[in-house]
Amino acid sequence: MRAYWLACLIFAASLSAAQGASQDSSEAKPSPQLEHFSVANADASANACQDFFKYADGKWVAAHPIPDDMNTWGVARILQLWNETQLRDTLEKVSSNDSARTPDEQKAGDFYYSCSDEKTLNANAAAWLKPELSRIASIKTKSGIVSEVAHLHQTVDGAYAPADNQTTAAVLGFSGQPGYDDASHYVAVFDQGGMGLPARSFYLDQDDKSKEIRAKYLQHVQKMLVLGGEKTEAAKTDAAVVLEMETEMARAAMDPIARRDPKNLNNKMTLEQVKALAPSFDWDLYLKLVQAPATQQYIVTTPAFFKNLEVMLREHPVEHWKTYLRWQMLHGNANALSDAFSEENFDFFGRTLQGTPNQLPRWRRCVQSVDGSLGEALGKVYVARAFSPESKQRVLQMVNDIEAALGRDIDAQDWMSPETKAQAKQKLAAVMNKIGYPDHWRDYSSVKIGRTSYLENQQNAVHFEFERWVAKIGNPVDRSEWGMTPPTVDAYENPQDNTINFPAGILHAPYFDPSQDDAVNYGAIGAVIGHETIHGFDDQGRKFDLHGNLRDWWTANDGKEYEARGKCISDEYTQEVPEAGPGVKQDGRMTQGEDTADNGGLHLAFMALQADLARQGKDMDAKEADGLTPRQRFFLAYGFAWAGLARQESIRTQVLTNPHSYRRYRVNNVVSNMPEFWAAFSCKKGSPMVRQNACRIW
Ligand SMILES: [Zn+2]
């Protein structure tokens, strides 16, 4: 479950990682080494002013081909593997049936055991599935449809994931979320949902590649229904029904660019108004089944989607809905069932959409599954093993220095009025900095985890998390709560509680590296800290005030000036992405927030390094022992943090669905906007890394 509006750093989770099962039970135990920055990684045969990504990363990339079980590979993925190896050691110790285990160890250990026990999974999955299938088969009325939707929301992950382009849960999404007008309390939110493909454009685009993917999706749905017990011919007809229904939902769904503007989503309604949108859906029954607290106000993110739901409930017979719900149930539970299910699931979502040849070994999928389901139970141990109080202190100091740099940057803007500057600085001063892990760990005592049924364990964990969010409705927001688990290699900003969050998982080499000097650390983790700090002031974040309320605190003229600078960025990033295949173009309006954070973030990190070196009496441009200046090492370390590559299919899916630009552009577009970079490598006007129309907001 994700909190709303999390603006994170990477977000391109390796889909192949979350899906499927491995045939290989004799797995070698890797012990990966962390990657460290070195000037030797630079490619001397490349020209830093022509293609800085190639210069900083070309050599590393050539030496590190993508493993067969990954859609993308790079220094971040190596750190992720290192983290998972730490978790695996712990989980193997606590997965034996030992009465001396603590309650958290019992839950994490037995969850891992039930996931790892392939034999039991394959032998029993059909029996576990039976009650799910018979419940759907017995549906006779529209109320039955509603009951099943509630059940799927309680047992399949993702009933509320609006930080994604769409909610993938059956039919619609529901959860508690901080209110737009008053972010101090949670309100109830209904969101669009219901689609199995990664974005609405996957249903609607008419180019050849999109048609090819839809044809494969149709086959995939058919095969899943056959695995669920249908005859081949019936499953073919039913798969067409699923695609038809999901396409109708996609047509009515709001597009991801419009969804980036929170004003478009802040549609406040009473329950009577919600009911009027789709009278055929028994809202009272749904709310009762998911145990939602009574409340005065609901936010309906996309009213048009719910009006269309009414049309669909009237026009499609109950049999169609049963087919759709059966597919959603099989799809949502695929990775907790037999190898046949997870292999078929991987074949479409891993191979077709990401281009990944093989699934991850089972141990990695199981570690990720425990992290996803009981993340704070497991995270506690990870922090004790792998994150020192010294690291926490040093990172906190860097965060303070980078926030101070933003204060100076706000002061220096010649296009902002004193009134807006004062508001911006109030917001900055109110940011809560969270480093490493939560101060209070989540209490999992009510989650029942056993050693036998992986499916049941997963469903129990989802139920706990879904109800935990629903129960928040009407209650105060707790800013100290985390939206990512401690071992995660990522970071995020949440404008609705005005926090920036850096899980312990990313606070290792090559991002935060105690063995390196300040220039390297500011270029790597400093840029990450700057990125999250800027999110509160990107084109979305700036719409929220210091309390996290959606409120326009800009003078009209300053707002206009901001938008002109934002358009420079979105125009710059509206570009062909040849790595994604012919004709694939990035829409800079979708990535504008992330691109703004990348550009402003590196600038803030640079300012903080300047101040840091000045304090130490060091010169930014004096050559040091390795033959480079601190300025050069700063930019090389930034480049190295993005070292890596991805498969073409995966890049295509990313460009079409993800708010982050592809890594080469996260390096080259950013540095080519920065005179501070041009000076580092003496780049001349006219070279590709010296942009004529350089953009800068922060
Ligand atoms: Zn971000």
Side-chain angles (χ1 to χ4, degrees), residues 2-14 72 74-76 79-80 161-165 256-257 259-262 395 398-399 402-403 406 427-428 431-435 482-484 488-503 505-507 511-512 523-544 548 566 569-570 572-573 586-605 638 641-642 644 646 654-655 657-667 669-670 673 695-698:
R2 269 155 279 186
Y4 210 65
W5 292 106
L6 298 193
C8 52
L9 177 75
I10 300 172
F11 194 70
S14 55
T72 155
V75 294
L79 173 54
Q80 182 191 349
D164 222 323
N165 282 327
I257 290 168
R259 271 169 81 78
R260 289 193 71 252
D261 187 345
V395 172
M398 289 183 76
V399 172
I402 283 165
E403 287 176 344
L406 179 54
K427 176 167 180 177
L428 176 61
V431 173
M432 182 191 267
N433 304 318
K434 287 152 67 184
I435 318 284
W482 282 68
M484 281 180 186
T488 306
V489 183
D490 208 336
Y492 70 95
E493 185 262 353
N494 184 350
Q496 289 198 295
D497 62 15
N498 200 13
T499 60
I500 51 175
N501 305 262
F502 305 94
I506 198 172
L507 301 176
Y511 299 98
F512 173 66
I525 195 67
V528 173
I529 297 166
H531 175 105
E532 303 307 339
T533 306
I534 291 296
H535 267 315
F537 301 86
D538 71 18
D539 69 307
Q540 285 181 323
R542 79 176 189 88
K543 293 174 178 162
F544 296 86
I569 299 227
S570 63
E572 178 183 311
Y573 283 83
Q586 173 176 349
D587 189 328
R589 292 172 304 167
M590 188 155 98
T591 57
Q592 186 180 339
E594 297 300 336
D595 299 331
T596 301
D598 281 347
N599 280 275
L602 191 60
H603 183 228
L604 290 190
Y638 176 68
W642 288 111
Q654 177 182 346
V655 170
T657 63
N658 195 293
H660 299 85
S661 298
Y662 183 56
R663 58 179 75 230
R664 186 157 77 90
Y665 307 96
R666 297 188 78 168
V667 174
N669 287 39
V670 171
N673 281 325
C695 303
R696 172 165 289 173
I697 304 178
W698 305 110

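Counting convention: from 1, in listed order, for ligands and their atoms alike. Keep in mind that the numbers below use all heavy atoms, side chains included, and drop hydrogens, waters and symmetry copies.
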Considering only N, O or S atoms of His531, the one closest to the Zn ion (ligand 1):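 Of all N, O or S atoms in His531, the Zn ion (ligand 1) lies closest to NE2.
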The Zn ion (ligand 1) - name of the N/O/S atom of Glu594 that sits closest to it: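 Looking only at N, O and S atoms of Glu594, the one nearest the Zn ion (ligand 1) is named OE1.
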Could you check whether the rings of His660 and His531 sit parallel, tilted or perpendicular, using 30° and 60° as the cut-offs?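 Ring orientation of His660 relative to His531: parallel.
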Is any N, O or S atom of Glu532 under 2.8 Å away from the Zn ion (ligand 1)?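 Not a single backbone or side-chain N, O or S atom of Glu532 is under 2.8 Å from the Zn ion (ligand 1).
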Has His660 got an N/O/S atom less than 2.8 Å from the Zn ion (ligand 1)? no
Could you give the distance from OG1 (Thr499) to CD (Glu532), rounded to the nearest 0.5 Å?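 Between atom OG1 of Thr499 and atom CD of Glu532 there are 9.5 Å.
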Hey, mind stepping through Asn599 and Tyr573 against side-chain hydrogen bond (donor to acceptor under 3.5 Å, both in side chains) and telling me if it holds? CA-CA 12 Å; Asn599 280 275; Tyr573 283 83; 3.2 Å; yes
Among Arg666, Gln654, Gln586, which residue satisfies the side chain to side chain donor-acceptor pair (under 3.5 Å) criterion with Ser661? Gln586
